[in-house]
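Order of appearance sets the numbers: ligands from 1, and atoms from 1 within every ligand. Sequence positions, counted from 1, serve as the residue numbers for this chain.
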Amino acid sequence: MERIIVKKSGPLKGSVKIDGAKNSALPIIAASLLGTEPITLEEVPNLKDVQIILKVLQELGAKVEFLDDTTVRIDSSSIDKYEASYELMSKMRASFLVMGPLLTRFGKTRTSLPGGCAIGSRPIDLHLKGFKALEAELNVDDYVIEATAENGLVGKTIYLDFPSVGATQNIMMAATMAQGETVIENPAKEPEIVDLANFLNKLGADVKGAGTSTIRIRGVEKLGGTIHQIIPDRIEATTFMVASAITGGDITIKNCITSHILPVIAKLREMGCKVVENEDDTIRVYCDKKLCGTYIKTLPYPGFPTDAQAQFMALMSVVDGQSKVEETVFENRFMHVEELTKMGAIIATDGSEARIAGVPQLKGAKVRATDLRAGAALVLAGLTTEEETTVSDIYHIDRGYNDIVGKLKALGADIRREEMD
Ligand code: EPU
């Protein structure tokens, strides 16, 4: 087991290149199960979660080959299994995204139910509602879920009560080879949904309206192969923007689509940061004065992303004045509050709200990454502490950040990884 040790650094300066988006790569790799010709994916981030979903594909019979560090060739032409093992499914919730592709390709699938996790119970009712609407028969017990559609899925109109990212993706993938037209109303509009739709269309699918309030998918007989580049990770970009803000730094973030992070840019500006959007997919974040508190409310895209909430809370802990955070996407995404409090942050929570009173200085402490973004937030907070901050359980961080330590170090951070005693 390793830990990250970090202390007051900065101002961080320089430039950092953002990797491909984890949350785009995972569904697109799952969707590669639909292709009957080879698929090449570029800008695939080298992350634990990506390794897990690639293993799921291999276990199902797909051939997976890395052509270089970030380019993966997937050949699903000869897959013959439609059951994903409990062992891999239980390691990561996103493995459940293989269900839609398997169901539409084989007319049946059997997978384990994904469990709850640190950030909430995370049900899958909307995924199942979608499959059922497409005329799949479902058999669900405590651990296993079986879906069958012996004569193939049939397109329908499905209204999502909440614009769930995973449910939109799973239904979209299942609908690619259903008979007739599927309409998803109130779908998620995240950039990762648009990236998946673009990828599916390159395979030969007919998906229209991704990124809007209605997605229409006309089923086709068969999907082929393609070459596709994964979009940049807007949450990794956000994390480095906050790293600049929290250290009073001056960082240029490369490979970043600014239109994907408008609420983050707006909130950093409200807090007093200078954010310069350049035309070459780079963004410069620098601060020439003490920052002040603000209010954020997490929402489905294009609202403020829940995946950036913890990092902003770390920043709010050290700026002038009061801040407020409202988390509306997940029911329990304040696990980082207890850890930030150990570092001297003043945060009071009440249900889905947190009030933060900025302090002049956090102190070094031994803290635990309770989930991926919480872990990133603690590393960011650690960039401000005179004494060392030790972050344990960093396997959570490795799930979503490729070499965060190396990248921060290159910007001047006093940070290292080491084995725990
Ligand atoms: N929900 C339901 N029923 C469902 C599905 C979701 O009630 O059938 C609820 C969830 O319980 C949650 C809310 O809807 O309260 C949002 O869940 P959603 O399905 O949108 O999220 P997800 O697909 O499970 C993806 C990302 C998350 C990100 C969320 C929200 C991937 C692999 N994961 O999860 O990323 O927080 O969308 O944007 O794409 C992360 O990267 O740290 C992360 C957690």
Purely on distance, is any nitrogen or oxygen of Ala94 under 3.5 Å from one on ligand 1? no
Of Pro123, Gly166, Ser95, Gly130, the one whose closest heavy atom lies nearest atom 2 (C) of ligand 1 is Pro123
Show which atoms of ligand 1 fall inside a sub-4.0 Å distance from at least one heavy-atom site of Asp307. 27 (C), 28 (C), 35 (O), 36 (O), 40 (C), 41 (O), 42 (O), 43 (C), 44 (C)
For Arg333, state whether at least one heavy atom is located under 4.0 Å from any atom of ligand 1. yes
Got an N/O contact under 3.5 Å between Gln169 and ligand 1? no
Could you tell me if Arg93 sits above the aromatic ring of Phe96, with its cationic atom closer than 6.0 Å to the ring centre and no more than 45 degrees from the axis? no
Which atoms from ligand 1 have a heavy atom of Lys22 less than 4.0 Å away? 40 (C), 41 (O)
When you check the side-chain N and O atoms of Tyr295 and Glu326, is any donor under 3.5 Å from an acceptor? yes
Consider ligand 1: state whether an atom of it lies below 4.0 angstrom from any non-hydrogen atom of Lys129. no
In Lys297, Arg333, Met313, Glu353, the residue satisfying side-chain contact (heavy atoms from CB on, under 4.5 Å) with Val325 is Met313
Provide the number and element of each atom of ligand 1 under 4.0 Å from a heavy atom of Phe162. 13 (C), 14 (O), 16 (C)
Using a 4.0 Å heavy-atom cut-off, say whether Gln309 meets ligand 1 through its side chain, its backbone, both or neither. neither
Got a second to check how far Cys273's SG is from Lys267's NZ, nearest 0.5 Å? 13.5 Å
To the closest 0.5 Å, what do you measure between CZ (Phe199) and CD (Glu192)? 15.5 Å
Is Ser164 close to ligand 1, meaning an N/O of one under 3.5 Å from an N/O of the other? yes
Can you find a side-chain donor-acceptor pair between His396 and Asp371 that sits under 3.5 Å? no
May I ask you to check whether Glu135 and Asn151 show a side-chain donor-acceptor distance below 3.5 Å? no
Out of Leu160, Leu26, Thr306, Leu126, indicate the one that has the non-hydrogen atom closest to atom 8 (O) of ligand 1. Leu126
Polar contact flag, side-chain donor to acceptor under 3.5 angstrom, Gln311-Thr239: yes
I need the atoms of ligand 1 closer than 4.0 Å to a non-hydrogen atom of His127, numbered in the order shown. 8 (O)
For ligand 1, which atoms, with element, lie under 4.0 Å from some heavy atom of Val329? 12 (C), 13 (C), 15 (O), 16 (C)
Can you tell which part of Leu372 has a heavy atom less than 4.0 Å from ligand 1: side chain, backbone, both or neither? side chain
Please verify the inter-ring angle class for His260 with Tyr301; under 30° counts as parallel, over 60° as perpendicular, anything in between as tilted. perpendicular
Electrostatic pair Asp307-Lys22, nearest N-O below 4.0 angstrom: no
Below 4.0 Å from ligand 1: does a non-hydrogen atom of Arg373 turn up there or not? yes
Could you tell me which atoms of ligand 1, counted from 1 in the order shown, lie closer than 4.0 angstrom to a heavy atom of Ile124? 4 (C), 8 (O)
